[in-house]
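Ligands are counted one by one from 1 in listed order, and the atoms in each one are counted from 1 as well.
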Amino acid sequence: MRSTIEAAKRIVVKIGTSSLTHENGKVDLDKMEKLARVLTDLNNSGKEIILVSSGAIGAGMQRIGRNKRPEDLPLRQATAAIGQAILMKMYQKFFDEYNQVIAQILLTKDVMEDSIKKNNAKNTFETLMELGVIPIINENDCISTAQIEGYRFGDNDTLSATVAELVGADLLVLLTDIDGLYTSNPKENSEAVLIQEIDEITPEVKSLAGGAGSRLGTGGMITKILAAEIAKACGTQTVVASGEHIEVLRDIVRGEAIGTWFKA
Ligand code: GLU
């Protein structure tokens, strides 16, 4: 058992596009519904929950009938704008079923670099936590562009670690399409073994991550390790685990040995 996880009160949960959508890119309603139920239940049990959700671009793509992430930047931003509203409408519907109030916060990287903006964001988070609300965070994809240096997190793994730092989270959970960090790529090597615990994020640990793995998401194992590194630097522990069965989140938070645990 991972006792420091069991004791965690403030928890940031990040779910990637690949865990929220079917193979064909359409939103997986069953998973979203389960996520709303489990997170509400954790919140009811006295934990403070912050959800970082990807899926805006994916949902927007589906809405305008595209099956490929747009290369064209304005089109990608427009797709995110369309999809973010759809995503929140769905979350609203599912969380409403459990009478859980949610809120939306869209962040850009510059917010974290400007002490006034950062403090405003922090105050908003703190107030939402006091009110028992579950904030749902995404990058403000419509105005964060890679073209404007320093304006973009680029992936929600990094964003979720930055949020964990901002709110002083005790635990960051990254739900993805793989069980955790393996000794080598399990898709290519049947001998690959899941690493249960990481004490130090060394160059060897980083070298275990391949490139981006999924259909629609932007990250990959490396962005998860880098996120765990950001989290660790501010005293937050991280678990990287599969988002295939959302209910597993309860066991993770209970401190069961699921996924890879990056110690604080
Ligand atoms: N912000 C993007 C979206 O909601 C996702 C970024 C990521 O996949 O990390 O579509």
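In this model, a donor atom of one side chain and an acceptor atom of the other lie less than 3.5 Å apart for Ser54 and Asn156. For Gln237 and Trp261, the side-chain atoms include at least one donor-acceptor pair closer than 3.5 Å.
Annotation for ligand 1: atoms under 4.0 Å from non-hydrogen atoms of Asp155 are 9 (O). The ligand atoms of ligand 1 that sit less than 4.0 angstrom from a heavy atom of Ile57 are 3 (C), 10 (O). Residue-ligand proximity, Ser54 to ligand 1, at heavy-atom distances under 4.0 Å covers atoms 4 (O), 5 (C), 7 (C), 8 (O), 9 (O).
The two residues Ala80 and Asp141 make their nearest non-hydrogen contact at CB-CB, 3.5 Å. Of all heavy-atom pairs spanning Ala227 and Leu172, the tightest one is O-CD2, 4.4 Å. Summarising the geometry of Cys142 relative to Ala81, their closest heavy-atom pair is SG-CB, 3.6 Å, with the distance given to 0.1 Å.
Nearest to atom 2 (C) of ligand 1 by heavy-atom distance, out of Asp141, Leu20, Asn140, is Asp141.
Each of Lys31, Met32, Arg37 was compared with Ile246 under the side-chain contact (heavy atoms from CB on, under 4.5 Å) criterion, and only Lys31 meets it.
By the 3.5 Å distance cut-off applied to N or O atoms, Gly58 is not counted among the residues near ligand 1. Distances between N or O atoms of Arg69 and those of ligand 1 include no value under 3.5 Å.
Within the structure, ligand 1 lacks Gly16 among the residues with a heavy atom less than 4.0 angstrom away.
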